[in-house]
Q: 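My questions will all concern the structure given below.
In what follows, every chain begins at residue 1, and chains take the letters A, B, ... in the order their sequences are listed. As a basis for the values below, the full set of heavy atoms in this structure was taken, side chains included, without hydrogen atoms, waters or symmetry mates.
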Amino acid sequence: MSEFAKPRGTADILPEQAAEWRAIEDAARQLFETYHYREIRTPIFEHTEVFQRGVGDTTDIVQKEMYTFLDRGERSLTLRPEGTAGVVRAFVEEKLYGEMNTQKFYYLGPMFRYEKPQAGRYRQFHQYGVEVIGSSDPRVDAEVIGLGDHLLRQMGVKSFSLLLNSVGCPVCRARHREQLLAYLQPVRSELCKDCQSRFDKNPLRILDCKIDRDHPVVASAPKITDALCEDCARQFSQVQTYLDEMGISYEIDKTMVRGLDYYTQTAFEFVEGSIGAVSTILAGGRYNGLIQMLGGPDLPGIGFAGGVERLILARAAHGATQVGQDRVDVFVLALGEIATKPAARLLHELRSVGIKADSDYSGRKVKAQLKVADRLGARYVVLLGEDEVAAGQVAVRNLATREQVTIEQSELVSYLSEQVSLRF
RNA sequence: GUGGGCGUGGCGAAGCGGUCAACGCACCGGAUUGUGGCUCCGGCACUCGUGGGUUCGAAUCCCAUCGCUCACCCCA
């Protein structure tokens, strides 16, 4: 074991896996652009207050999961634990609201949370996500949800379910909170320890508690979904109408609450059963108060975020894993001291015209080098020995057909350009 | 933060108190002259995460510690 190990909860993405990562990132970007979302890149760290305000002081993320540090100027900074707060901060700071009424963004990148790692949960993990700011039209909710659905399908996740709920607005939420507290008060002492404290901080979460969920009183407690104000109820039903219209199936889950404080109205979660205990693969919701909370105008917003690591796990479970092929077009084989210089020159010439080429650097024998060429999946071997060097020629061997020709060194590039291009 | 499982060569994995720590894969070399994928032969852990203890003797038992992993809270 090495003396230096990567920090807990981080991962090295090795070349083989990097191919899949890149494929996912490329496909995600392309899909987002198809929906006319534009990429936005915000800093990986922000002033701590951005997350305290943006994510919410009562959330686990802020209370116990942030990577917070003081820089040399004594400023408190935090590695971003999620993407929305930073995007909204940028939106407000750069005054992007001046441009158009509705703006659509996407992002891709690492996030950091100080958690104990397990399957599908890491301290540095990666998310792709979208944010739509400036419209509260339920068509936008449906578009964002539909985009999540589309992305998962496109990525090869064949089965998953979509849970949908509405968590209301500050008006109906406050009203529901009163009802709920009154309702639960008599059984407060029967609740689990966590729910005792949720009682004051975030009673909505009690409904979602895995321990108390089965408690008869809790199970039949008033749901926010049933206590929505007129506006929220209409929003919720219209979102469903559009989803129906788009042929996207979902289940209403009245106990589903999103973990972040900023959510209002629409909340949704895509879950996949085979990736471990943490089955949420992509989730999001509407956050109508957030922009104003971060100092901007009173604009509505909605978005989602998905975990790349969880997507990769799900792809694996669905047999969609992609392995990178590591092939080279040409392998330059130099024999002996005398061949090294012309070989280096030819290797460089081949690469200059875009032919993927490699060579051996350890001065091994022909046999060993051919073995390497074979293993690299090379189509051609350019062989340079004493005879060839003396004659200004090279032997070019087609590894598949075993045919070998000897040509002038000056013709090599044009000869191979032609051969290699024939494959495409 | 809490609980379970596990830590043997690059990887997978046997051994679970007593000769030199199996084996497979990978890797390296060889099977006569400068020609590959198969086969055959050979090489590759003074050491079993780390530290301490028990014992005549420990990879094997005990304790601690670190790490990995799964699960809980919560979450992508």
Q: Should A:E20 and A:R315 count as an ion pair when the cut-off is N to O under 4.0 Å?
A: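 Salt bridge flag = yes for A:R315 with A:E20.
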
Q: Give A:E388 one of three labels, base, sugar-phosphate or nothing, depending on what nucleic acid heavy atoms sit under 4.0 Å from its own.
A: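 Contact class for A:E388: base.
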
Q: Using the P atom in both, what is the distance from B:U19 to B:U54, to the nearest Å?
A: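 To the nearest whole Å, 22 Å.
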
Q: Look through every strand shown and name the nucleotide pairing with B:C6 as Watson-Crick or G-U wobble, where both distances are under 3.5 Å.
A: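 By the stated definition (distances under 3.5 Å), B:G67 pairs with B:C6.
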
Q: With respect to the side chain of A:R121, which nucleotide from B:C73, B:C72, B:G34 is positioned closest?
A: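 For A:R121, the side-chain atoms sit closest to B:C73.
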
Q: Do A:R113 side-chain atoms and A:E65 backbone N/O form a donor-acceptor pair below 3.5 Å?
A: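 Not a single qualifying donor-acceptor pair exists.
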
Q: Using only modelled atom types and a 3.5 angstrom limit, is any donor from either the side chain of A:Q404 or the base of B:U35 paired with an acceptor on the other?
A: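 Indeed there is one.
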
Q: Judged by each residue's nearest nucleotide on RNA chain B, which is more toward the 5′ side, A:L399 or A:A283?
A: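 Mapping each residue to its closest nucleotide by heavy atoms, the 5'-most match is A:L399.
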
Q: Given that both distances must come in under 3.5 Å, which nucleotide forms a Watson-Crick or G-U wobble pair with B:C40?
A: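 Paired with B:C40, as far as the under-3.5 Å criterion goes, is B:G30.
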
Q: Is there a donor-acceptor pair under 3.5 Å between the side chain of A:H176 and the backbone N or O of A:L228?
A: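 Side chain of A:H176 to backbone of A:L228, a donor-acceptor pair under 3.5 Å: no, none is there.
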
Q: Does A:E272 come within less than 4.0 Å of A:R310, counting only side-chain N to carboxylate O?
A: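 No, A:E272 and A:R310 are not salt-bridged.
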
Q: Using the C1' atom in both, what is the distance from B:C72 to B:A13, to the nearest Å?
A: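 My reading of the C1' atoms in B:C72 and B:A13 gives 31 Å.
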
Q: So which nucleotide from B:G34, B:C70, B:A76 ends up closest to the side chain of A:F125?
A: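 Shortest atom-to-atom distance from the side chain points to B:A76.
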
Q: Where the side chain of A:K365 is concerned, which of B:U2, B:C73, B:G30 is the nearest nucleotide?
A: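 The nucleotide sitting nearest to the side chain is B:G30.
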
Q: Need to verify one output field. Residue with the more 5' nearest nucleotide on RNA chain B, A:A119 or A:R123?
A: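 Its nearest nucleotide being more 5', the pick is A:A119.
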
Q: A:E386 near the nucleic acid: base, sugar-phosphate alone, or nothing, with a heavy-atom cut-off under 4.0 Å?
A: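 It contacts base atoms.
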
